Every structure is written in C-alpha cells, then in structure tokens.
Participant: 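Mind looking over this structure? Questions follow.
Here the structure is a predicted model, which means the values were calculated and not measured. All chains are named by letter (A, B, ...) in the order of the sequence lines, taking the proteins before the strands, and each is independently numbered beginning at 1. Values below: every heavy atom of this structure, side chains too, minus hydrogens, waters and symmetry copies.
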There are 2 protein chains.
Amino acid sequence: MRADYATRPRGAIERLLESDRRYLSATQIHTRLDVEQARVSLATVYRTLERLHTKGTVSARVDERGETTYMLCEPEHHHHHAICRICGRVEDVPCRALDEFASALQQRYGFELDGHAMEFSGVCNTCR
Amino acid sequence: MRADYATRPRGAIERLLESDRRYLSATQIHTRLDVEQARVSLATVYRTLERLHTKGTVSARVDERGETTYMLCEPEHHHHHAICRICGRVEDVPCRALDEFASALQQRYGFELDGHAMEFSGVCNTCR
DNA sequence: CTTATTGCAAACTCTTTGCATTGGA
DNA sequence: TCCAATGCAAAGAGTTTGCAATAAG
C-alpha cells in the first residue's frame, strides 16, 4: 500500500469539503481555494478528488450537464440523496423501502439487479 | 412555429434510433451511420438529437463518464429504466409505487419534491 | 535521502458554434 | 425562390497526463 502524505493542498481541499457538504465541481473547489489564498492547481484538485473517491470518502455525481461533482459522504449505510434545487443542500435518504421495491422488480422483470441510483430534487425546508 | 424539413440525415438518424433502442452516444450514432454509408456530420448528429430531445421523443441520459447518451422513448407515462449492464437493453419500469414512496419522503423531510431520477442496473433475463 | 506529490502546460474528449453552401417545400 | 438544415473547421468546456521541481517522512 502506497504512502499518503499530508500536504498543504490536500489539507485545504479536505477542509473545504468538510465545511460545505454539497456537490461541488473541481472548478468550484479550485476557485474557492483561490479566494482563500490557498494556491492549489486545478490538476491537484482533480487528483485529490479522485483519490478521495477511490478511498470511498467522497461521493461523485455527474450532473445533468455532464460535469462531475463531489461531496464528502460516509457510505456506511446505503442511502440516496435529496438535493435542494435552490441551495444545493443534500439530505441523506435511507432506502429500506426502496430496496424492497427493487426486489419486487427483480421478481417481476427477471432483472438481476446489482445496482440502483436514485436522486430526488426539489426545495428543502430552509429554502421554502 | 418553425418548419421541420424531412432531410436525409434526419431520416438516417431516426431510423437508426428506431432500430436500436438502447442509450447511444452521438459518436456511436455517427460511427454507425458512417458504416452504413450514410454520411452525416457529427455536428448534425448532435443538432438532430438535441431537436428530438426538445420535441420529447428522445430521452437523454448522462452516463457515469459524463457522456450524454440518447434513446427513443415515449414519455406518455412517467417511468424509469432498468438498463442491462451486458447488452444495454432497456426495460421500462412504471413508477406508481415509487411515487408513493416519494410523497412519503416529502412529508418526512419537508422536502418539496419536484423531481426524481432513478435507474436500475443489472443483467436482463436474456443475458443471464 | 527517497519517492510521493505538485504545478504547469500540453493533450484529449465531448460538445457547441459561425459561416458559407446545399437542398426541401 | 426562400430559408431551414448541413458540413466543416474552429472554438469551448471539462478532464487527464508527462515531466521536471518540490517537499514529506
């Protein structure tokens, strides 16, 4: 297993992700670090996000426009996301009920399910 | 309302979409038309897909890699897709149960839902 | 001192756009 | 004839990569 240096760029990126738990694009992260005077190259942002995603501490989502966005997210329990269209805040949604629904489909369509993705969008109760 | 000419490129693209109902990328479509000797520029493929998508006869989906893919799809009844990981065949899945589930969440999280996306992946009964 | 990590710039991929030309109706 | 649609090539946006310089352990 390879080493894992604690560098300034990594610290800055992880701190930012911790402070704002919504899906952010590499460019957004890069810009915000720039504002905070934490010079980090865009390439490093991409490399760090990829690493965190592989480690499993970051969830990646491709938005409607095809841009990949990232958010810190503990994957312990399988869950889905409700994303506020206004503020981008993300609500975790457990999926017990959904899993049952999925099994029913499996029976019905002879489809051997090995995955499902689901996402809700709307307006959260803060933005309402 | 603007006209809508029946041109050779459009015919070729629509015919291809009708003959293969799975999600295809613009490049895949372009390549296959090329093989069939139906010279159509990639730009036209994009423009035609966009037009069909706007008209509502084509469903667009951004895959994990961020590439947009298209498939002919009647949107009459709201439904979801089960996509075979092996052959790419798409099964329509009605979503009555799901809508109920969604409403429940709305109550629970104070989230005013205005949309949800869901997709199943696995292996269809032909590929099994 | 060793080697993982960074920054930079170039390369790549997918998609969009401007403009002159073609071709439906 | 008129204007929508096409093809081409150039431009954009997002992402990846090679390589020399830097810095962590």
Participant: Given atom CG of A/D63 and atom P of D/dA13, what is their separation to the nearest angstrom?
Facilitator: 15 Å
Participant: So which atom in A/S59 and which in A/Y23 form the shortest heavy-atom distance, rounded to 0.1 Å?
Facilitator: OG-OH, 2.7 Å
Participant: Would you indicate whether B/R39, at its atom CZ, is surrounded by more than 12 heavy atoms from other residues, nucleotides or ligands within a distance under 6.0 Å?
Facilitator: no
Participant: Mind calculating the distance between CD1 (B/I29) and P (C/dC14) to the nearest angstrom?
Facilitator: 14 Å
Participant: Please report the distance, rounded to the nearest Å, between CZ in A/R8 and P in D/dA24.
Facilitator: 9 Å
Participant: How long is the span from the OG1 atom in B/T68 to the CZ atom in A/R65, to the nearest 0.5 Å?
Facilitator: 11.0 Å
Participant: At under 4.0 Å, does any side-chain N or O of A/R10 touch on OP1 or OP2 of D/dA23?
Facilitator: no
Participant: Closer than 4.0 Å, any side-chain N/O of A/R51 to the OP1 or OP2 of C/dT5?
Facilitator: yes
Participant: Nearest to the B/Y5 side chain among C/dT3, C/dG23, C/dT15, which nucleotide is it?
Facilitator: C/dG23
Participant: How long is the line joining CD1 of B/I13 and C1' of D/dT6, in whole Å?
Facilitator: 11 Å
Participant: Is there a chain of hydrophobic side chains (I, L, V, M, F, W, Y, each step under 4.5 Å between heavy atoms) that links B/L49 to B/V62?
Facilitator: no
Participant: Under the side-chain hydrogen bond (donor to acceptor under 3.5 Å, both in side chains) test, which residues partner B/E64, sequence neighbours left out?
Facilitator: B/R61
Participant: Rounding to a whole Å, what distance do you find between B/R65:CZ and D/dA13:P?
Facilitator: 21 Å
Participant: Give, for atom CE of B/M71 and atom OG1 of B/T69, the distance between the pair rounded to the nearest 0.5 Å.
Facilitator: 8.5 Å
Participant: When you look at CD of B/E50, are more than 12 heavy atoms from neighbouring residues, nucleotides or ligands closer to it than 6.0 Å?
Facilitator: no
Participant: Give one of base, sugar-phosphate or nothing for A/T68, where a contact means two heavy atoms less than 4.0 Å apart.
Facilitator: sugar-phosphate
Participant: Which of residues 33-50 of chain B have a heavy atom under 4.0 Å from DNA chain C?
Facilitator: B/L42, B/A43, B/Y46, B/R47
Participant: Measure from the side chain of B/T7, starting at C-beta and using heavy atoms only, and say which of C/dG7, C/dT5, D/dT6 lies closest.
Facilitator: D/dT6
Participant: Rounded off to whole Å, could you give me the CG-to-P distance for the A/D4 and C/dT5 pair?
Facilitator: 6 Å
Participant: Rounded to whole Å, how long is the line connecting atom NZ of B/K55 with atom P of D/dA5?
Facilitator: 11 Å
Participant: Roughly, in whole Å, what's the span from NE2 in B/H53 to C1' in C/dT15?
Facilitator: 15 Å
